[in-house]
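Okay, structure first, notes after.
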Amino acid sequence: VRQPGASAPLLSATRAEFSLPWSSLAGSASLVITRVDFSGLVLDIDATRAWLATLPPGGDNMPTLSRGIGIKGGTAIYERWRMTDVVLEIDRLEARQPLKLSLAGHVERDGTGINVDAQIDIEKLSQSTDVEFSVNGEMAFDGEESSFSVKAPCHYHLLPPQESFNCLDVMFLGTSP
């Protein structure tokens, strides 16, 4: 999938499966998708954000995914960050409703890698919301591995073209290799 006129794709996948109820296919007023599953997904976050910036304001018409999203074997690229072996599971996705997701994968930047397994609870899927992060992972430095855990209550606010993400009371537990 590409933004019209762009050379870089927003996303590509080796397999994509969409499940929709007949009412969505028949042109219901609200778009409901039962579930979306991807294998081998590659998401360019920079290209996706550039495309989102071109959309008209007030985009509260996101579809509801009544049985969520699943990604296996994915890759996400953002600036100099790269997350590979992505496994993402979202049970339900609906505007202005709570969202729980689990995310696992290997994050790399400039040769440093971290394996992560995160549980993220979002109070309400909207332009301003509270988020609770709980991340467990492993880091490797000079061949020595170290486990860690991070928990943080955060707040996200989007006011185009700016966004802010603030985390207070971050709790980091781990050992130094």
Side-chain angles (χ1 to χ4, degrees), residues 1-19 33-55 62-63 65 67-94 98-122 125 129 131-156 158 163-167 170-177:
V1 177
R2 292 181 199 277
Q3 177 181 358
S7 60
L10 303 172
L11 66 90
S12 62
T14 56
R15 182 183 143 280
E17 183 177 318
F18 294 83
S19 302
I33 299 171
T34 307
R35 182 153 174 93
V36 177
D37 285 292
F38 293 102
S39 295
L41 176 79
V42 177
L43 175 66
D44 184 328
I45 296 172
D46 291 321
T48 302
R49 290 178 65 147
W51 168 69
L52 289 171
T54 68
L55 297 178
M62 69 178 279
L65 283 91
R67 293 194 52 221
I69 300 170
I71 298 173
K72 291 190 171 83
T75 300
I77 303 162
Y78 177 66
E79 295 178 354
R80 293 179 10 223
W81 295 90
R82 181 179 198 84
M83 184 173 197
T84 57
D85 302 324
V86 172
V87 176
L88 172 76
E89 188 62 42
I90 298 174
D91 291 334
R92 181 178 178 85
L93 181 73
E94 185 174 358
L99 175 70
K100 290 182 179 276
L101 66 92
S102 62
L103 173 67
H106 181 77
V107 180
E108 289 185 23
R109 180 178 173 168
D110 301 331
T112 300
I114 301 172
N115 293 322
V116 297
D117 185 0
Q119 303 301 311
I120 302 170
D121 295 325
I122 299 174
L125 195 57
T129 190
V131 180
E132 180 75 32
F133 283 101
S134 176
V135 180
N136 297 307
E138 297 173 350
M139 296 180 274
F141 296 100
D142 297 329
E144 291 188 47
E145 289 190 12
S146 178
S147 297
F148 71 91
S149 133
V150 177
K151 292 186 181 200
C154 304
H155 184 79
Y156 173 79
L158 173 66
E163 60 187 317
S164 68
F165 196 78
N166 299 311
C167 297
V170 176
M171 183 186 333
F172 179 86
L173 301 171
T175 57
S176 179

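Just so you know, these numbers come straight off a predicted model, no measurement behind them.
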Val86 and Thr75: CA distance, side-chain angles, deciding distance, side-chain contact (heavy atoms from CB on, under 4.5 Å) verdict
CA-CA 6 Å; Val86 172; Thr75 300; 5.7 Å; no

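- Arg82 CZ: 12 or fewer foreign heavy atoms inside a 6.0 Å radius.
- Here the shortest heavy-atom pairing between Glu138 and Phe148 reads N-CE2, 3.5 Å.
- Within the 4.5 Å cutoff, side-chain heavy atoms of Thr48 are placed close to those of Leu43.
- For the pair Leu93 and Leu99, the minimum side-chain heavy-atom distance is below 4.5 Å.
- With rounding to the nearest 0.5 Å, the separation of CD in Glu89 from CG in Asp37 is 7.0 Å.
- Interatomic distance, Asp46 CG to Leu10 CG, rounded to the nearest 0.5 Å: 11.0 Å.
- When all heavy atoms of Ser134 and Lys151 are compared, the pair lying nearest together is OG-CE, 3.9 Å.
- With values rounded to the nearest 0.5 angstrom, His106 atom NE2 is found 10.0 Å from Met83 atom CE.
- We find the CG-CG distance between Asn115 and Asp117 to be 10.0 Å, quoted to the nearest 0.5 Å.
- Residues Ser39 and Ala13 share a closest heavy-atom pair of O-CB, 3.7 Å.
- Summarising the geometry, atom CD belonging to Glu79 is positioned 9.5 Å from atom CD1 belonging to Ile45; distances are rounded to the nearest 0.5 Å.
- Summarising the geometry of Ile33 relative to Ser19, their closest heavy-atom pair is CG2-O, 3.3 Å, with the distance given to 0.1 Å.
- Checking side-chain atoms of Thr34 against main-chain N and O of Arg67 turns up no donor-acceptor pair under 3.5 Å.
- One finds no salt bridge joining Lys100 and Asp91 here, because no Lys/Arg side-chain nitrogen approaches an Asp/Glu carboxylate oxygen to under 4.0 Å.
- The only option from Ile122, Asp121, Asn166 that meets the side chain to side chain contact (heavy atoms under 4.5 Å, CB included) definition with Val131 turns out to be Ile122.
- Atom CZ of residue Arg35 and atom CD1 of residue Ile90 lie 9.5 Å apart, to the nearest 0.5 angstrom.
- Minimum interatomic distance between Ala47 and Gln3 (heavy atoms only, all atoms of both residues): O-OE1, 4.4 Å.
- Smallest separation of non-hydrogen atoms from Ser149 and Asn136: CB-OD1, 3.2 Å.
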